Protein chains: 2
Amino acid sequence: MKQAIYNIGVENTMKIIGGKWKPIILCHLKHGAMRTGELRRAIPNITQKMLTQQLRELEDDDIVNRKVYNQIPPKVEYSLTAYGQSLNKILEELCVWGENDIDRRKANGENIILLNREDVPNDSLPYAD
Amino acid sequence: MKQAIYNIGVENTMKIIGGKWKPIILCHLKHGAMRTGELRRAIPNITQKMLTQQLRELEDDDIVNRKVYNQIPPKVEYSLTAYGQSLNKILEELCVWGENDIDRRKANGENIILLNREDVPNDSLPYAD
DNA sequence: CCCCATAGGTACTTTTTAGTATCTACCCCA
DNA sequence: TGGGGTAGATACTAAAAAGTACCTATGGGG
């Protein structure tokens, strides 16, 4: 059995939900189950390979559930497991923080664009300056 | 001027606080200012190069403040900026989630060790099964 | 004079991660 | 017969991230 040693909790968290694609996938799945093709369309630039690879890893970590419908053409739905949903709040906050940060930079003159602003919980920013 | 395009907020967040070392550095700094050497000791395995490199990037993004004391031998203190502190809650949650996840896996028979459990807010786990 | 401690820069190499291209399977439909 | 539509596997290549080794500066102390 391989032994894993971490110095701080966040190290483990990032191993599970870190990387280029996992946070994005999870932020989409937190709204409900999605088919493979839906995820592909929702996440421009992701390749089929990276999508399935990351989903498999999330499955292995009991974050994502894979449901296969036995039909032709194939239909597969991905969703957060009950355990994966314990990440919902964090995922939401990561999204919102990033959105507000983009606003802040834009106000600061940076040329930065956010295409899909899905989380707009309220009008009070966590940080205003 | 270079244009940045994001599809979803979390993409931006991860660009700023993602990677192998940044979340760890930030989780340490959220307790207060630390000297370079303190950070190095607090984060085993990080190299001087990675530490300063990541700190410079966090500085560029207005997350971390660098204070140089003009003395010999040199003394430099790093701390979260006021803006960087808007990440405090998220950082805390990332730490705690990782800690609880390690407990969960350990209970599940995995050989996994957490050396520094710094965030123990209460006895109610976000997810118990 | 040389080494200590401190903080940091830089060229180069290795490792990890991600991307590309091509392959499978299945049934339907024209 | 040969597409389309779905989901996915795999070998190979490219790019990004991290690690290694060695260099700088400064003043004090032995």
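Below, chains carry the letters A, B, ... as their sequence lines are ordered, and counting in each starts from 1. Not measured: the values here are computed from a predicted model. Below, all heavy atoms of this structure are taken into account, side chains as well, without hydrogens, waters or symmetry copies.
- Checking C:dG9, D:dG19, C:dA18 against every side-chain atom of A:Gln54, the shortest atom distance belongs to C:dA18.
- Per the geometry, OH belonging to A:Tyr78 stands 15 Å off P belonging to D:dT6, to the nearest Å.
- Contact check for B:Leu91 versus A:Val10: no side-chain heavy atoms found under the 4.5 Å cut-off.
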Under 4.0 Å protein heavy-atom contact, by nucleotide of nucleotides 21-30 of chain D - B base, S sugar-phosphate only: -----BS---
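- At whole-Å resolution of the value, CG in B:Leu51 and C1' in D:dG19 are 14 Å apart.
- Atom-to-atom, CG of B:Leu55 to P of C:dA7 comes out at 12 Å; the value is rounded to the nearest Å.
- Residues B:Asn7 and A:Ile43 have side chains not in contact (no heavy-atom distance under 4.5 Å, counting atoms from C-beta outward).
- Looking at A:Thr13, its side chain does come within 3.5 Å of a backbone N or O of B:Leu94 through a donor-acceptor pair.
- Taking atom CH2 of B:Trp21 as the reference point, atom C1' of C:dT15 lies 14 Å away to the nearest angstrom.
- Axis angle across the helix from C:dC1-D:dG30 to C:dA30-D:dT1, with five pairs used at each end and values rounded to 10°: 40°.
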Pair B:Arg104, A:Asp62 - check side-chain contact (heavy atoms from CB on, under 4.5 Å), show working. CA-CA 11 Å; B:Arg104 184 172 184 264; A:Asp62 191 26; 2.8 Å; yes
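- Rounding to whole angstrom units, CD of residue B:Gln48 and C1' of D:dT20 are separated by 14 Å.
- As rounded to whole Å, 13 Å separates atom C1' of D:dA14 from atom CE of A:Met50.
- The side chain of A:Lys20 places an N or O atom within less than 4.0 Å of a non-bridging phosphate oxygen (OP1 or OP2) of C:dG19.
- Checked against side-chain contact (heavy atoms from CB on, under 4.5 Å), A:Lys106 has the following partners two or more places apart in sequence or in another chain: A:Ile102, A:Ile112.
- Judged by distance alone, with hydrogens and angles left aside, the side-chain atoms of B:Asn111 form no donor-acceptor pair with the main-chain N or O of A:Gln3 at under 3.5 Å.
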Going through the checks in order, is the salt bridge (charged side-chain N to carboxylate O under 4.0 Å, His left out) test met by A:Asp103 and A:Arg117? CA-CA 11 Å; A:Asp103 291 340; A:Arg117 179 179 301 268; 3.0 Å; yes
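- Heavy-atom distances to DNA chain C give each of B:Lys75 and A:Gly19 a nearest nucleotide, and the one nearer the 5′ end belongs to B:Lys75.
- By the 4.5 Å heavy-atom criterion applied to side chains, A:Leu58 and A:Leu26 are counted as neighbours.
- Annotation: proximity of residues 34-46 of chain A to DNA chain D (heavy atom, distance under 4.0 Å) is found for A:Arg35, A:Thr36, A:Gly37, numbered in ascending order.
- Classification of B:Arg105 and B:Asp101 as a salt-bridged pair holds, one side-chain N sitting under 4.0 Å from a carboxylate O.
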Any chance you could lay out the side-chain contact (heavy atoms from CB on, under 4.5 Å) test for B:Arg56 and B:Thr52, step after step, and finish with the verdict? CA-CA 6 Å; B:Arg56 290 294 171 279; B:Thr52 29; 4.0 Å; yes
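- The side chain to side chain donor-acceptor pair (under 3.5 Å) pairs that include a residue from residues 64-76 of chain B are B:Arg66-B:Tyr78, B:Tyr69-B:Glu77, where partners are two or more places apart or lie in different chains.
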Trace of the side-chain contact (heavy atoms from CB on, under 4.5 Å) decision for A:Asn45 with A:Trp21: CA-CA 10 Å; A:Asn45 307 321; A:Trp21 299 114; 4.2 Å; yes
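- Non-hydrogen atoms lying under 4.0 Å from DNA chain C are contributed by B:Arg66, all within residues 64-71 of chain B.
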Do B:Lys22 and B:Ile63 pass the side-chain contact (heavy atoms from CB on, under 4.5 Å) test, and can you show the C-alpha distance, the side-chain angles, and the key distance before you say yes or no? CA-CA 11 Å; B:Lys22 282 180 188 171; B:Ile63 304 298; over 6 Å; no
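- With contacts defined as side-chain heavy-atom distances shorter than 4.5 Å, the pair B:Gln54/B:Ile46 does not qualify.
- Rounding to whole angstrom units, CZ of residue A:Arg56 and P of D:dA7 are separated by 12 Å.
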